[in-house]
Amino acid sequence: MKLSDRITQITGGGSDGWDVFYRARRMVAEGHAVTQLTIGEHDIGTDASILDAMNRSARDGHTGYAMVPGTDLLRDTVAARVQTRTGVPTTRNNVLITPGGQAGLFAAHMAVCNPGDVGLFLDPYYATYPGTIRGTGAVARAVQTSAEDAFQPRAEQIEAKVDGAVSLLINTPNNPTGVVYSPETLQAIAELCQRRDLWLISDEVYDTQIWNGAHLSPRALPGMADRTLVVGSMSKSHAMTGSRCGWIIGPEEVISHLINLATHTTYGVPGFIQDAARFALNAGSTLEDKIAAPFRRRRARALEVLAEQNTIGLVPADGAMYLMLDIRATGLTGEGFANALLDKHAIAVMPGESFGTAAAGHVRVAMTIDDDRFETALKTICAFASEMAGQQAAE
Ligand SMILES: Cc1ncc(COP(=O)(O)O)c(C=O)c1O
């Protein structure tokens with residue numbers, strides 16, 4: 001039987017650079033000790049206080065269908081939080097609660113892309129981006145950013161790819177690069193969106209993980225609230241990846257249509273998860289800081305380790321739980337480096353090539369193991385890089 005083009009074309013074909021990831025998983029399954037620095041998952045579970053709130057809510061009976069747009073209480077909490085953080089007037093009518101940020105990304109593209117329209121995204125990119133856009137029937141078009149610009153996108157790079165585009169998807173703080181977009185970058189993107197009449201879909205799921213500088217939501221820039229859909233999530237800020245709770249913030253009219261989409265797809269998010277999310281958000285920055293603290297510490301250690309060598313370059317690591325290492329001085333590709341590192345030292349990192357083409361010659365290191373093991377692994381990576389560079393120089 002024939003399947004729809006929409007479903008069969010979600011994954012893209014071509015080399016996706018994920019072989020090393022699956023190989024590391026196989027090695028672990030076969031009983032080998034592998035240091036896994038691959039995936040954006042905290043090494044702590046959801047905080048006990050959040051689990052208690054979840055349990056209380058479920059025991060109090062919030063186990064039936066919840067309101068499809070989200071409970072009024074959670075929508076109000078998210079709206080107040082967004083308004084406080086951005087200064088943009090926001091009410092519950094600007095908020096749809098979604099089963100995680102990923103569902104929000106898909107719904108946001110469903111809201112603005114017709115089949116055949118072009119949805120732009122920036123390379124390097126979070127792995128699901130092209131498939132998310134294609135899943136709506138739209139054409140996913142990558143815009144390359146450049147290592148030489150520290151992966152800050154330039155308006156002219158986007159403008160060169162804009163024909164036929166209705167939307168632009170951005171992500172700051174960024175996965176995979178750890179880069180935080182500067183106010184100048186975001187201002188130029190905002191002007192471009194207005195000039196070329198684009199929707200901006202702003203993935204801000206790492207907005208509480210800022211190590212240097214400040215998070216700026218482009219929805220707060222002049223003229224942008226009417227054309228920006230912000231995707232947020234409890235996953236990274238509150239170590240609630242498995243709870244599947246996120247949101248979209250946007251103009252009321254868009255949110256009302258998205259509620260129709262949710263009614264016909266997800267039918268909402270469980271009430272006890274929403275109550276737990278509300279508890280977590282009300283716990284404020286103390287809890288958020290506690291969850292971000294391990295990454296802040298490891299990033300600080302990483303800067304010290306990397307300062308002691310000169311083979312690996314570090315892309316400015318200003319946010320999120322990743323370091324993007326420039327290993328081009330070794331003469332290896334990201335894939336070649338990651339495979340050799342796995343073979344020789346049983347350390348698994350993600351090749352830059354698994355996030356598109358722009359981060360070729362880089363590897364992404366997730367800071368998601370305990371501090372001491374992380375530091376040891378990073379030192380091994382540095383020594384290995386210097387050995388590889390030495391071999392290349394001798395050839
Ligand atoms: C950039 C980015 N956006 C969205 C997501 C999706 O997060 P979730 O669906 O768990 O909220 C992730 C997860 O790793 C991510 O890295």
Side-chain angles (χ1 to χ4, degrees), residues 18 21 36-46 50 70 74 78 95-110 119-133 135 140 142 145 151 153 167-181 200-210 215 217-218 229-249 262 265-266 269-270 273-274 276-277 280-281 288 291-292 295 315 317-324 350 352 354-356 358-359 364-368:
W18 281 71
F21 171 76
Q36 296 197 76
L37 303 173
T38 46
I39 281 289
E41 175 101 51
H42 313 67
D43 50 326
I44 52 167
T46 304
I50 302 176
L74 181 57
V78 171
V95 180
L96 172 75
I97 304 300
T98 59
Q102 180 56 46
L105 287 167
F106 180 74
H109 283 93
M110 279 295 277
L120 298 174
F121 64 103
L122 301 173
D123 178 351
Y125 53 83
Y126 172 52
T128 68
Y129 279 4
T132 301
I133 297 171
T145 62
F151 298 111
S167 63
L168 169 65
L169 170 58
I170 65 169
N171 171 224
T172 179
N174 188 270
N175 177 11
T177 61
V179 165
V180 173
Y181 290 174
L200 183 62
I201 300 177
S202 179
D203 178 343
E204 302 179 22
V205 303
Y206 293 98
D207 68 347
T208 61
Q209 297 182 1
I210 297 275
H215 175 66
S217 174
L229 302 177
V230 174
V231 174
S233 173
M234 298 300 292
S235 288
K236 312 292 174 173
S237 58
H238 292 82
M240 289 179 71
T241 48
S243 291
R244 313 310 303 136
C245 189
W247 53 80
I248 303 178
I249 311 293
T265 51
T266 61
V269 172
I273 298 286
Q274 296 194 59
L281 291 173
E288 287 172 15
I291 291 156
F295 305 123
V315 173
D318 292 336
M321 50 176 86
Y322 315 100
L323 305 173
M324 186 62 100
M350 292 300 292
S354 51
F355 309 106
R364 188 194 74 174
V365 172
M367 299 186 280
T368 47

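Just so you know, residue 1 is the first one in the sequence shown, and it goes up from there. One-based numbering, in listed order, for ligands and for the atoms of each.
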- Which heavy atom of the protein is the closest neighbour of atom 10 (O) of ligand 1, given with residue, atom name and distance? Ser235 OG, 2.6 Å

- Could you list which atoms of ligand 1 come closer than 4.0 Å to a heavy atom of Gln102? 6 (C), 8 (P), 9 (O)

- Item | Option among Thr128, Thr132, Ile133 that satisfies the side-chain contact (heavy atoms from CB on, under 4.5 Å) test with Phe106 | Thr132

- atom 5 (C) of ligand 1: closest protein heavy atom, distance to 0.1 Å, is Tyr126 CE2, 3.5 Å

- Message: Once you measure the plane-to-plane angle for Tyr129 and Phe121, does it fall in the parallel (<30°), tilted (30-60°) or perpendicular (>60°) bin?
- Response: perpendicular

- Task: Would you mind running through ligand 1 and noting each atom that sits below 4.0 Å from a heavy atom of Ser233?
- Result: 8 (P), 11 (O)

- Message: To the closest 0.5 Å, what do you measure between CZ (Arg364) and CD1 (Ile39)?
- Response: 6.5 Å

- Note on the structure: Among non-hydrogen protein atoms, atom 3 (N) of ligand 1 lies closest to Asp203 OD2, 2.6 Å

- Item | Contact check, side chains of Ile170 and Pro153, non-hydrogen atoms, under 4.5 Å | no

- Query: Quick check: does Asn175 get an N/O under 3.5 Å from an N/O on ligand 1?
  - Reply: yes

- Element-labelled atoms of ligand 1 that are located less than 4.0 Å from some non-hydrogen atom of Asn171: 1 (C)

- Query: Any idea which atoms of ligand 1 are less than 4.0 Å away from a heavy-atom of Gly101?
  - Reply: 8 (P), 9 (O), 11 (O)

- Message: Quick check on side-chain contact (heavy atoms from CB on, under 4.5 Å): which of Ile97, Leu74, Thr98 does Val269 satisfy it with?
- Response: Ile97

- Item | Residue list, side chain to side chain donor-acceptor pair (under 3.5 Å) with Thr241, at least two apart or on another chain | Glu41

- Got the closest protein heavy atom to atom 9 (O) of ligand 1, with its distance? Arg244 NH2, 2.7 Å

- In chain order, what residues pass the salt bridge (Lys or Arg N to Asp or Glu O under 4.0 Å) check against Asp203, with sequence neighbours excluded? none

- When you measure from atom 14 (O) of ligand 1 to every protein heavy atom, which one gives the shortest distance, and what is it? Lys236 NZ, 2.8 Å

